[in-house]
Structure formats: C-alpha cells, structure tokens
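Working notes, beginning with the structure itself.
Just so you know, these numbers come straight off a predicted model, no measurement behind them.
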Amino acid sequence: MDFSSLERFLPDERATTMLGADLALALHAGDVLALEGDLGAGKTTLARGLIRALAGDAELEVPSPTFTLVQAYEGRVPVHHFDLYRLASAAELDELGFDDAIAQGAALVEWPDRAASRLPESAVHLELTHQDAGRLARITGTGAAIERIGRSLAARDFLARSGHADAERKYFAGDASARSYEIVDDDGQPPLVLMNSPKLVLGPPVRDGKPYAEIAHTAQSVSAFVAIDRALKAGGVAVPEIFTADLEQGFLLIEHLGSGSFLDDGKPVAGRYAAAAELLAMMHGRKWPSRMEAAMGVHHLVPPFDRDAMMIEAELLVDWYIPFATGKPAHDKVRSGFENVWNAVFDRLEGTEKTLMLRDFHSPNLIWRGERQGHDRIGVLDFQDALIGPSAYDLASLAMDARVTVSPEIERSTYDAYVAARRAAGPFDEAGFSEAYAAMAAQRNSKILGIFVRLNERDGKPDYLRHLPRIRAYLGRALAHPALAGLKDFYSSNGLLGDTAE
C-alpha cells in the first residue's frame, strides 16, 4: 500500500486531537513533522494531542510556542515543538538547538518554510486547510516515517470497522521485529490489544538464492499467528482470543491477557518458571498438526526447524558477535570449523523428539495469572514463528531466559519440573532429552549473541548489549554437557566464551 500521500477529514476539534494521538503512535526519534496551514487552521490543537499522547498525560499543559519559539517535552519519544513564525533567518535555528533536537527525539515544526533547506529530506509534511465545517489534513512524505504514519491511520480505520472508531489508543510494546502493540480503551469496556504486524519484508539473498528469513522460517504474515493461536487454544493453552482480524493488512484486535509478570523485583520467581515448564510438558505430550487453519480457506504450514534453519541462526554468532568481540571478521578457517562442529551436533539431534516449538517461550511472552488454576495461570504470547522441532528448545528458552538472569538453581528446578511432568505422563527418554536440551541451549544462545550485537550495530539499539554477559554465561552452562565437548573445545580455542562466570 502506498502511504506517500494521505488525507483525513477532521470534522471537529476532537478529531484533530485524535489525529495527533494517532500520529504520536507512529513517531520515532529522528522524525520531523512539518505542520503547515494558516493561522487558526488547527496546527497547535493537533500538536497538543500528539504531545499529550507521547507523554501519556491527557492534562499536560502544552502552550503554543509562538513566543518561546520552542518547547521541549519528555515522553515515550522526546519531542521539541517549534514555531518558526517569528524567525528572521534559518541561521537562528542553531540558537534554538534544532539539529540537536532532531538527533535526540522527534520534532514538530510550525511554519516550516522559515527553516528553508534545514528540514531533512525525510520530513513528513502535514497541511491543514479549512473544509466545510471542519478541516482537511493532507500528509505527504517519503521514507520510513510516512510509512509508519500510514500504518497508524490504517490501524484507526481497522478499529472503526471493528466497532471502536473513537477508542483511545496507547502504546503498549514493541519488540525486535517490525511488530508493535497498543492498548485499546473504549468507553469503559475491558481493554483490548491491537496487534500491528505488517508483512515481513524479505531481505537480500544470503544463501542459495534465499533471504535469511526464508531459511530461518520466520513468519511472513499475521496469518501464522492466527492459525497457531487457534490450534493452541484448542489444545488447552491460554492464548489471546482474536476478536477481529484483517489478515491482508496485518491487524488483529485481541484479548488482553493481563500484566502479571514471571518476575518479582526483576528476579525470576521459581514457582512460576516451574509452572511454565509443566505447561510445556503438557504441550509436548500431545500431537500437533503441521497444517493449521487461520480462516476459511487460509492455512498456515508450520515449517520444520531443519538443519539449514538451525545453522543459519547459529551463524549469527560468526557474522556479528565474532567481529564485535575480536575487532575483526571471522576468517574462513573459523567459519568452516564452526560449520563442522555444529553439523556434528545436528547429526546427534536427528532422532530426538520433535513437537510444536514456540521459539520464544520466555518471560517477556508469558503472563502470570495467579488467580486462575492449572495451566490457565499462564498466558502465552508471541508464537507466530513456531516450528516443528526439538521439544527441548522451548524449555531451554525458558530456563535460560535471555532478558533476565536465571540462576543455576532456578534453571535446575525449572528443568526438573518439566522432567517430572513428562515422567508422570508416560515413557520419556531423559538421557536423549538432556543432550537435546544442552544442544538447543547452545544453539539458541549462540544465535542471541549475534542478534543482540546486530540490533546494536545495524538497528541502533545499544541497550541489548547489556545482556551479553548473561548470554555468555548461559552458553557456558550449555557447553558443560559431555555430549558437546567438541563444540566447547572449538568455542574455547577461538575465544568465543569470554568471561562466563555467573
């Protein structure tokens, strides 16, 4: 869909304020929104709605910056509101800290023509003109910002079709992907969650003419989430009810499962991790279809976690972490050696138990609902990338939680809870599972080391680097298994473990 030119009719002040709030949900640091229109056209009203939404404060005082020329506000994204009407020349922008404001956050600029050529090419222009008894907003631009704004306005249209035209939208969460989530509040009704999941943009070919996401079997549309959600719900797993879906555009209106955490004061709660392990044991004791229905005539085929997918994920360590850790790219000998030792591990996994693995089964995607009973205490999110693969993978994801430090003692109690539940349900190959658990933990943590460095270096998200010491410690734990002695020797001899002390 082309979002380079958009229009919205705004019948009243409330609609103008709501448009500002919808724009706020799309803004990132570095974005510039140029507000154009005659005096009284509604620029300050729109800016006030946007700034209040970013700040999460509906009563925030947002005066017009006509006399101060610039006002600064804190929020999800810091924002500077400029009014350049009284600017004598563009050179005065330096005194206002214009470039620094854009570097630090977003900027709203009224009378942007006074800035001459100082506006970045990526600036989005929004013109307000009087039309009938209301206003017409015309939004134009190119690049990522206008695409995000287009998605936000499309989300508003989706809510209108779902019976929530006037609902308040609040930023909820984003993740390392292009997906984002919002809380939808509508006139005292229970809150809902809006899932904004645009179709995956496949990158360039990296191997055998295929992009990374195709080899790693990353979900390419929201249909995967819908199909897996339906299958999990039918299998007794507490996943969100889906109330309305637009599979083509990638919008879902889903149940809000709650906000209960698996952590207490930032630390894992052993009993909750054990309960999640028991849920996994239940899931792994039943059969799951590989062909799941998302809607009438729309099916999702759950891919296998095959050797190519496991390898290309693990190789993120070679592609990103090794250059970061050593200051130089991995040479061909390291690459070939890495491939050889991992292929030997994958050979040993050929006969291991396979099941539906959700792939990111860890605390950020689990909701604790302690007032409920049994497996219903655990709400499960973010499973669109599920594969058919080793059952041990999800337990390794849980017990070596990438975002929080799980002590060896809680890891062990989590593991033991799973094994006890599997034993109670029937025959269970504990020795084979133990080896697969170590192998999947090593594979996953190798991948995460690479991903977190990539998020810093490619995507400008340095906060992920703080997790690296924890991930290295987890990797050290996994490589302690006797079956991975060859892999451990390779990692150690090439300086890939660093300080793995707990």
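A donor-acceptor pair is defined here as one N or O able to donate and one able to accept, closer than 3.5 Å; such a pair exists between the side chain of S493 and the backbone of F490. No side-chain donor-acceptor contact under 3.5 Å links R477 to the backbone of A441. With K170 contributing its side chain and E168 its backbone, the two residues share no donor-acceptor pair below 3.5 Å. Remark: side-chain polar atoms of D186 are not paired, donor with acceptor, to backbone N or O of H164 under 3.5 angstrom. In this structure a side-chain-to-backbone donor-acceptor pair under 3.5 Å is present from D429 to G432. Formation of a donor-acceptor pair under 3.5 Å by the Q443 side chain with backbone atoms of M310 is found in this model. T355 places no side-chain N or O within donor-acceptor distance of the main-chain N or O of S391, the cut-off being under 3.5 Å. Not a single donor-acceptor pair under 3.5 Å links the side chain of D376 to the backbone N or O of R372. K354 places a side-chain N or O within 3.5 Å of a backbone atom of E350 that can act as its donor or acceptor partner. Side chain of S492 to main chain of K488: a donor-acceptor pair is present (N/O by atom type, distance under 3.5 Å, no hydrogens or angles).
Taking 4.5 Å as the limit, every side-chain heavy atom of V77 sits out of range of all side-chain heavy atoms of Q104. For the pair P120 and I102, the minimum side-chain heavy-atom distance is below 4.5 Å. In this structure the side chain of K328 never reaches within 4.5 angstrom of the side chain of P323, judged on heavy atoms. Side chains of L387 and R359 form a contact here, defined as non-hydrogen atoms less than 4.5 Å apart. Looking only at side-chain heavy atoms (C-beta outward), I183 and L194 stay at 4.5 Å or farther from each other. Side-chain contact check for M357 versus P390: some heavy-atom pair is nearer than 4.5 Å. For the pair L54/Y73, no side-chain contact is recorded, criterion being any heavy-atom separation below 4.5 Å from C-beta on. For the pair Y437 and L395, the minimum side-chain heavy-atom distance is below 4.5 Å.
Judged purely by distance below 3.5 Å, without hydrogens or angles, the side chains of S446 and Y491 pair a donor atom with an acceptor atom. Between the side chains of N445 and R472, not a single donor N or O lies within less than 3.5 Å of an accepting N or O. Side-chain atoms of T218 and D385 include no donor-acceptor pair closer than 3.5 Å. Inspection of the R470 and Y474 side chains reveals no N or O donor paired with an N or O acceptor under 3.5 Å.
Between F172 and H256, a ring centre-to-centre spacing shorter than 6.0 Å is recorded. Aromatic pair H284/Y418: centroids less than 6.0 angstrom apart. With ring centers used as reference points, Y464 lies under 6.0 Å from F452.
Residues A436 and A392 share a closest heavy-atom pair of C-CB, 3.7 Å. Minimum interatomic distance between A386 and P303 (heavy atoms only, all atoms of both residues): O-CD, 3.9 Å. Here the closest non-hydrogen pair linking A213 and L200 is CB-CD2, 3.6 Å. The nearest pair of heavy atoms linking R369 to L257 is CD-O, 3.2 Å. Considering all non-hydrogen atoms of both residues, V404 and P268 come closest at CG2-CD, 3.8 Å. In plain terms, the two heavy atoms of V302 and P289 that are nearest each other are CG2-O, 4.4 Å.
In this structure, CD1 in I146 is found 9.0 Å from CG in L33, a value given to the nearest 0.5 Å. Interatomic distance, I410 CD1 to K267 NZ, rounded to the nearest 0.5 Å: 9.5 Å. Here the CG-CG distance, from L27 to L23, works out to 6.5 Å after rounding to the nearest 0.5 Å. Between the CG atom in L356 and the CG atom in D394 there is a gap of 8.0 Å [rounded to 0.5 Å]. Here the CG-CZ distance, from N365 to F383, works out to 9.5 Å after rounding to the nearest 0.5 Å. Separation of atoms CH2 (W320) and CG (L449) is listed at 14.5 Å; rounding is to 0.5 Å.
By the neighbour-count criterion of 12 heavy atoms within 6.0 Å, atom CG of D347 is densely surrounded, having more than that number from other residues, nucleotides or ligands. Annotation: E248, atom CD; neighbour count of heavy atoms from other residues, nucleotides and ligands within 6.0 Å does not exceed 12. Heavy atoms from other residues, nucleotides or ligands lying under 6.0 Å from CD of E121 number 12 at most. Open room surrounds CD on Q373; 12 or fewer heavy atoms of other groups in view lie less than 6.0 Å from it.
A salt bridge links E315 with R207; the closest basic N to acidic carboxylate O contact falls under 4.0 Å. Electrostatic pairing of R169 and D22 counts as a salt bridge here, judged by a charged N lying under 4.0 Å from a carboxylate O. Using a cut-off of 4.0 Å between Lys/Arg side-chain N and Asp/Glu carboxylate O, E430 and R422 are scored as not salt-bridged. Look at R148 and D31 and you find a salt bridge, because one of the NZ, NE, NH1 or NH2 atoms lies within 4.0 Å of a carboxylate O, short of that distance. For R412 and D416, the salt-bridge test passes: some basic side-chain N is under 4.0 Å from an acidic carboxylate O. Under a 4.0 Å N-O distance rule, the pair R348/E435 qualifies as a salt bridge.
The aromatic rings of Y415 and F433 lie tilted to each other, with the angle between the two planes from 30° to 60°.
For the salt bridge (Lys or Arg N to Asp or Glu O under 4.0 Å) with D360, the lone residue among R403, R444, K447, R179 that qualifies is R444. Considering L398, L381, D401 as possible partners of L366, the one that fulfils the side chain to side chain contact (heavy atoms under 4.5 Å, CB included) test is L398.
Residues satisfying the side chain to side chain donor-acceptor pair (under 3.5 Å) test with T414, not counting sequence neighbours, are none. Under the side chain to side chain donor-acceptor pair (under 3.5 Å) criterion, D306 pairs with H217, sequence neighbours left out.
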Could you go through N456 and V453, starting from their C-alpha distance and side-chain angles, then the distance that decides it, and tell me whether this counts as side-chain contact (heavy atoms from CB on, under 4.5 Å)?
CA-CA 5 Å; N456 170 60; V453 171; 5.5 Å; no
Should S223 and H300 be marked as a side-chain contact (heavy atoms from CB on, under 4.5 Å) after you check the CA-CA gap, both sets of side-chain angles, and the distance that decides it?
CA-CA 7 Å; S223 296; H300 172 65; 5.6 Å; no
Just do the side-chain contact (heavy atoms from CB on, under 4.5 Å) check on V206 and K210 with the steps written out, would you?
CA-CA 6 Å; V206 296; K210 299 178 181 178; over 6 Å; no
Checking salt bridge (Lys or Arg N to Asp or Glu O under 4.0 Å) for the pair D246/R161: CA distance, chi angles, key distance, verdict?
CA-CA 10 Å; D246 185 330; R161 296 193 300 272; 2.9 Å; yes
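In this structure, R272 fails the cation-pi test against F262, since its NZ or CZ atom is not both closer than 6.0 Å to the six-membered ring centre and inside 45 degrees of the ring normal. For the pair R454 and F324, the cation-pi test (distance below 6.0 Å, angle within 45°) is failed.
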Tabulate below the donor-acceptor pairs under 3.5 Å that side-chain atoms of residues 230-244 make, not counting sequence neighbours, or state none.
unit_1	atom_1	unit_2	atom_2	d
R230	NH1	A294	O	3.2
K233	NZ	V239	O	3.1

